[in-house]
2 protein chains.
Amino acid sequence: MCKLHNNWYLYIMNKKADHLERLSDPSSYFPGISIDCVIIGFDKDQLHILLLKWKERELWMLPGGFVNLDEDMDQAATRILEERTGIMLPYLTQFHTFGDVNRRDKNLLAEFASMLDGASFTKLNDFLKQRFISTGYLSLVNIQTCKPTVDIMSDYSEWIPVNQIPSLLFDHAEIVGKALEQLKSRINYLPIGITLLPEKFTMKEFQTLYECILGKTLDRGNFQKKILKLGILDRYEKMLSGKAHKAPYLYAFNKKRYNELLEKGIGYMN
Amino acid sequence: MCKLHNNWYLYIMNKKADHLERLSDPSSYFPGISIDCVIIGFDKDQLHILLLKWKERELWMLPGGFVNLDEDMDQAATRILEERTGIMLPYLTQFHTFGDVNRRDKNLLAEFASMLDGASFTKLNDFLKQRFISTGYLSLVNIQTCKPTVDIMSDYSEWIPVNQIPSLLFDHAEIVGKALEQLKSRINYLPIGITLLPEKFTMKEFQTLYECILGKTLDRGNFQKKILKLGILDRYEKMLSGKAHKAPYLYAFNKKRYNELLEKGIGYMN
DNA sequence: CAATTATTGTGTAATTTGCACACATTGCTT
DNA sequence: AAGCAATGTGTGCAAATTACACAATAATTG
């Protein structure tokens, strides 16, 4: 896509203009369907979720949006995430569809309406009044290399540690919960380490990541032996130093080996 | 619900009338959303899927329908299955949402239209022309105690062995495939045996069921020992006889023990 | 009616894995 | 230089997995 736009700035501006246009006249959107993205990152012994703050209000939400009438839902998820955060992820995996009648609080909707009215978004306002079903999409990313930007709807976007998530719009807390549950139950089938860790990392970081997802502590010695035996890591002699005590080895993924195993499900832990 | 209708026949007729009314004027349906149910049974060493045949045509499909505007999707799944097959299942579990633009073949839709036109279903016809997203729901049932009936749209409903499934409407084959995949991957968390087998069964039947789901053979001796050790089965001295060779014991589930284990996931097989 | 046979129930031995903990190593701190 | 805290590795025991072998049984067969 870069090739079509040798001016990156123009490319972005085009996208933004298109987004804005559709919002002000949402007739090209599939009515009643939305998508919400749960983007999970890992930093400093904590899982983080990418959240957006609504303009001028202490109201947090997942990056979400609507499906174009001529667009597959999986494509829509990728587009929506890019529009709202600037993050381009070609593969997001669907994990659940939320279809309760009262999943969207009526009072909040009314507030939304009052905020939108002033800004010539009357059509969007009507569009939003109908009932919506939302499909949740999930992805895991390296928090360091993933710097979200902000769209017109939001003040700022932020990586929030899972234990510090504020109260969220509508049923977004439930959506996050379901995503974390999915992450845990599919831990052996998702590319956990390779997406959530930096290029090189210590064994301790890797273990902490697993402990966060599983919500329990693991035996250090056994974890290390199990992982090394799988052969998915290459060890680098260059050690991390500067901090107190014995310097640990740095490791990186042997991607070939890792992907081979991932197809059958890596039996890290039960 | 029985208590409200001491005349069962009347109750059914009311439901049918309501269904018919909504179909002839689909304005009370959520536009663009449908539900398809994959009901799985087991009989004679084969998994079976419950399919409906379209009136006067060799066209097979999953029992499906539309969501009322004032109805949670999970509720809708139960209602739809009952409307189309007479089977009442309070718990159906959602497994995937199918949202590709071209999931419904345009030619088939046109044929549908021609069939419906003659029968004063012009509004339904228009309703069906729009794009639809469909959410798949899954349930496991005992094929013996589950006798489907037929609704106005269908000639007959039938349990079809998974290896003999005919070509299906739209993307229903893909939906079935995804359901079977789900069944396999969640085998330790779904009430496999207790829903798919009759009250009493032999160890061989139980093993065959697992082999069908997993798509591989299991060692007989080890399977038997593993299951017995879990303590989820009660053995009955009354043996099955009449057939050649050694008569096997009959077993039934110890439901209390079974449900206890199921919550944590029963580690039958990996 | 005993021998046959296919199927069911159980046992065993070799191997692998899981688990808890101990010990050795290392590089910074004091 | 000694101490310390974290990393890397080893060891022993229990439990599980795996691949068979053997025994028991009831209808079939000659």
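Proteins come first, then strands; the chains are lettered A, B, ... in the order of their sequence lines, and each starts at number 1.
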* Plane angle bin for A/Phe206 and A/Phe201 - parallel if under 30°, tilted between 30 and 60°, otherwise perpendicular -> tilted
* To do: Answer yes when B/Glu174 and B/Lys178 have at least one side-chain N-carboxylate O distance shorter than 4.0 Å, and no when they do not.
  => no
* **A/Lys229 side-chain N/O to C/dT17 phosphate OP1/OP2 under 4.0 Å** => yes
* Between A/Asn222 (CG) and C/dT17 (P), how many Å, whole number? -> 13 Å
* To do: Using whole Å, report how far CG of A/Asp219 lies from C1' of C/dG18.
  => 10 Å
* Using a 4.0 Å heavy-atom cut-off across all strands, classify A/Lys204 as base, sugar-phosphate, or nothing. => sugar-phosphate
* Asked: When you match B/Arg235 and A/Gly221 each to their closest nucleotide on DNA chain C, which lands nearer the 5' end?
  -> B/Arg235
* To do: To the nearest Å, give me how far apart CG (A/Leu228) and C1' (D/dT9) are.
  => 10 Å
* Structure fact -> Of all heavy-atom pairs linking B/Met203 and B/Leu233, the shortest is CE-CD1, 3.8 Å
* Structure fact -> Rounded to whole Å, the OH-P distance (B/Tyr249 to C/dT7) equals 19 Å
* Asked: How close or far is atom P of C/dT7 from atom CZ of B/Phe206, stated in whole angstroms?
  -> 21 Å
* Below 3.5 Å, does any donor atom in the side chain of B/Lys246 face an acceptor in the base of C/dT8, or the other way round? -> yes
* Does B/Arg235 count as lying over the ring of B/Tyr251, i.e. NZ or CZ under 6.0 Å from the six-ring centre, within 45 degrees of the axis? -> no
* Checking only heavy atoms, does the side chain of A/Lys225 share a donor-acceptor pair with the base of D/dG10 at less than 3.5 Å? -> yes
* Can you tell me how far P of C/dT10 sits from CZ of B/Phe223, to the nearest Å? -> 15 Å
* Asked: Whole-Å distance between D/dG8 P and A/Glu205 CD?
  -> 12 Å
* Asked: Atom CD of B/Gln224 to atom C1' of D/dC20: distance rounded to whole Å?
  -> 16 Å
